[in-house]
2 protein chains.
Amino acid sequence: MPRWPADSRARLASAALELFTERGYSAVTVDDIAERAGVTARTFFRQFRDKEEVLFSDDDLLLPTLLLAIAEPTGPVDAGTLMERALGALAERMEPARDSLRRRQEIIDSDVALTGRELAKQARWQQEISVGLVERGFDPGDAGLLAAIGFALFRRELHAWLADPSADAPSLSERLRTALPAVRTVLDSSTDR
Amino acid sequence: MPRWPADSRARLASAALELFTERGYSAVTVDDIAERAGVTARTFFRQFRDKEEVLFSDDDLLLPTLLLAIAEPTGPVDAGTLMERALGALAERMEPARDSLRRRQEIIDSDVALTGRELAKQARWQQEISVGLVERGFDPGDAGLLAAIGFALFRRELHAWLADPSADAPSLSERLRTALPAVRTVLDSSTDR
DNA sequence: AGGAATGATGTCATGATCTGTCATAGCGGT
DNA sequence: ACCGCTATGACAGATCATGACATCATTCCT
């Protein structure tokens with residue numbers, strides 16, 4: 001018999017998500033979250049660096065996926081293909097969690113600071129991808145540019161995927177596969193009127 | 001004779017920049033800034049929403065520049081050209097302030113939260129540009145994609161420009177002009193090894 | 001000239017976020 | 001039985017941020 005119920009971290013995370021959904025991010029205090037999870041606020045801050053991090057800590061589990069998809073393929077590979085593999089691997093990991101991701105995204109989009117945190121985290125991923133590409137022998141300038149464009153696309157398609165509630169909507173992976181070619185089309189042919 | 005020295009806002013802003021440079025962002029309290037500016041902390045928070053905002057408030061002055069560059073040209077215009085005009089106008093406004101921008105950027109880059117705030121602000125600009133493009137008759141999907149790519153490029157070239165200390169380094173505008181064509185090249189031809 | 005309105009600032013109180021430090025109690029190994 | 005390890009609680013305190021109200025030089029109105 002442990003002295004306390006196990007898994008305080010998981011209980012804090014779901015308590016936080018519930019409360020943020022019920023009342024909105026800024027109307028929830030860390031004390032509220034801790035109370036619902038049956039611990040003290042001090043324990044919250046031991047598990048999560050700050051109040052925001054409770055929404056983002058899971059993301060760190062995805063980074064290895066990203067790096068593996070870049071490093072793994074053997075033989076010469078096209079840069080676009082590598083980006084597609086990396087983002088596709090990310091997409092596969094995210095797809096099963098669509099519902100909870102959407103709830104999370106609604107909270108994030110409702111608060112500028114959270115949006116900033118999300119962008120900063122994705123910028124870090126972008127940096128990691130860029131490094132991975134350079135390690136494969138790509139030109140550093142090209143790698144940075146590719147990673148930047150890739151993540152611009154990824155953000156766009158992720159939002160579209162989460163926002164589209166229909167059952168037969170394209171999956172995130174499918175959206176990504178069609179997005180990269182779209183860049184060329186847009187650059188070549190887009191005009192106003 | 002005013003009751004207090006004028007321009008408390010400007011004094012707060014430069015006091016903040018000085019102190020952040022001297023001691024690092026997180027080691028400076030709002031009280032420190034207020035003290036050096038000769039006011040109380042309460043006055044700081046009347047001028048700036050929070051401690052971060054003192055580094056970003058000037059940015060808001062740039063948004064009209066951006067929107068004007070999109071809305072102004074008459075007659076049918078290529079989307080890439082419009083992006084170039086908008087970002088070029090931004091660049092022209094920033095170029096004279098290179099030194100203070102670089103000091104500011106060093107502070108921002110040293111702190112994740114500040115990085116997030118910067119990205120969030122640029123995301124908002126990106127959104128505004130996208131809306132401006134749609135109002136000119138561009139397809140909404142294309143507009144969003146173009147704005148995203150444009151700002152990915154802009155961030156990249158801005159950092160490169162600020163990081164290159166040499167006197168004969170290309171200006172920000174020049175960098176931007178060569179960056180957009182680079183997108184096509186990279187997408188078409190980049191391979192590893 | 002004189003009084004009222006204005007507006008930037010100070011003062012005080014309060015709540016939220018985050019950190020440092022020490023005590024406590026169950027668990028596992030010896 | 002004892003010892004350390006670890007997760008947690010308890011408490012104090014710094015910093016950030018906001019609301020309410022007071023102050024007083026300037027300005028405007030009559």
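So you know, we letter chains A, B, ... as the sequences are listed, proteins then strands, and number each from 1.
- Atom CZ of A:F48 and atom C1' of D:dA7 are 15 Å apart (whole Å).
- Taking the ring-ring contact (aromatic ring centres under 6.0 Å, His included) definition, one finds that B:F56 meets it with nothing, sequence neighbours left out.
- Counted within 6.0 Å of CD on A:E174, heavy atoms from surrounding residues, nucleotides or ligands total more than 12; the atom is thus considered enclosed.
- Between the CZ atom of A:R49 and the C1' atom of C:dC18 there is a distance of 12 Å, given to the nearest Å.
- Salt bridge status for B:R104 with B:D58: absent, with no side-chain N to carboxylate O gap under 4.0 Å.
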Given protein heavy atoms under 4.0 Å, the one-letter contact record of nucleotides 12-17 of chain C, with B base, S sugar-phosphate only and - none, is simply ----SS
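- For A:Y25, the ring-ring contact (aromatic ring centres under 6.0 Å, His included) partners at least two apart in sequence or on another chain are A:F20.
- At a non-hydrogen distance threshold of 4.0 Å, nothing from residues 104-120 of chain A comes into contact with DNA chain C.
- Rounding to whole angstrom units, CD of residue A:E53 and P of C:dT19 are separated by 12 Å.
- For the pair A:D59 and A:R117, the salt-bridge criterion is not met [side-chain N within less than 4.0 Å of a carboxylate O].
- Residues B:V131 and B:Q127 are in side-chain contact: their nearest non-hydrogen atoms beyond the backbone lie under 4.5 Å apart.
- Salt-bridge annotation for B:K121 and B:E52: absent, with no side-chain N of the basic residue lying under 4.0 Å from a carboxylate O of the acidic one.
- Under the salt bridge (Lys or Arg N to Asp or Glu O under 4.0 Å) criterion, B:D7 pairs with no residue, sequence neighbours left out.
- What separates CG of A:L12 from C1' of D:dT8 is a distance of 12 Å, to the nearest Å.
- The CD-P distance, from B:E52 to D:dT15, rounds to 17 Å in whole Å.
- A:T43 has a side-chain polar atom (N or O) that falls below the 4.0 Å cut-off from OP1 or OP2 of D:dG9.
- Taking 4.0 angstrom as the limit, B:T40 places a side-chain polar atom (N or O) nearer than this to OP1 or OP2 of C:dG10.
- Rounded to whole angstrom, the span from the CZ atom of A:F44 across to the C1' atom of D:dG9 amounts to 17 Å.
- Neither OP1 nor OP2 of C:dA8 sits under 4.0 Å from any side-chain N or O of B:Q47.
- Partners of A:D99 by salt bridge (Lys or Arg N to Asp or Glu O under 4.0 Å), not counting sequence neighbours, listed by chain and number: A:R102.
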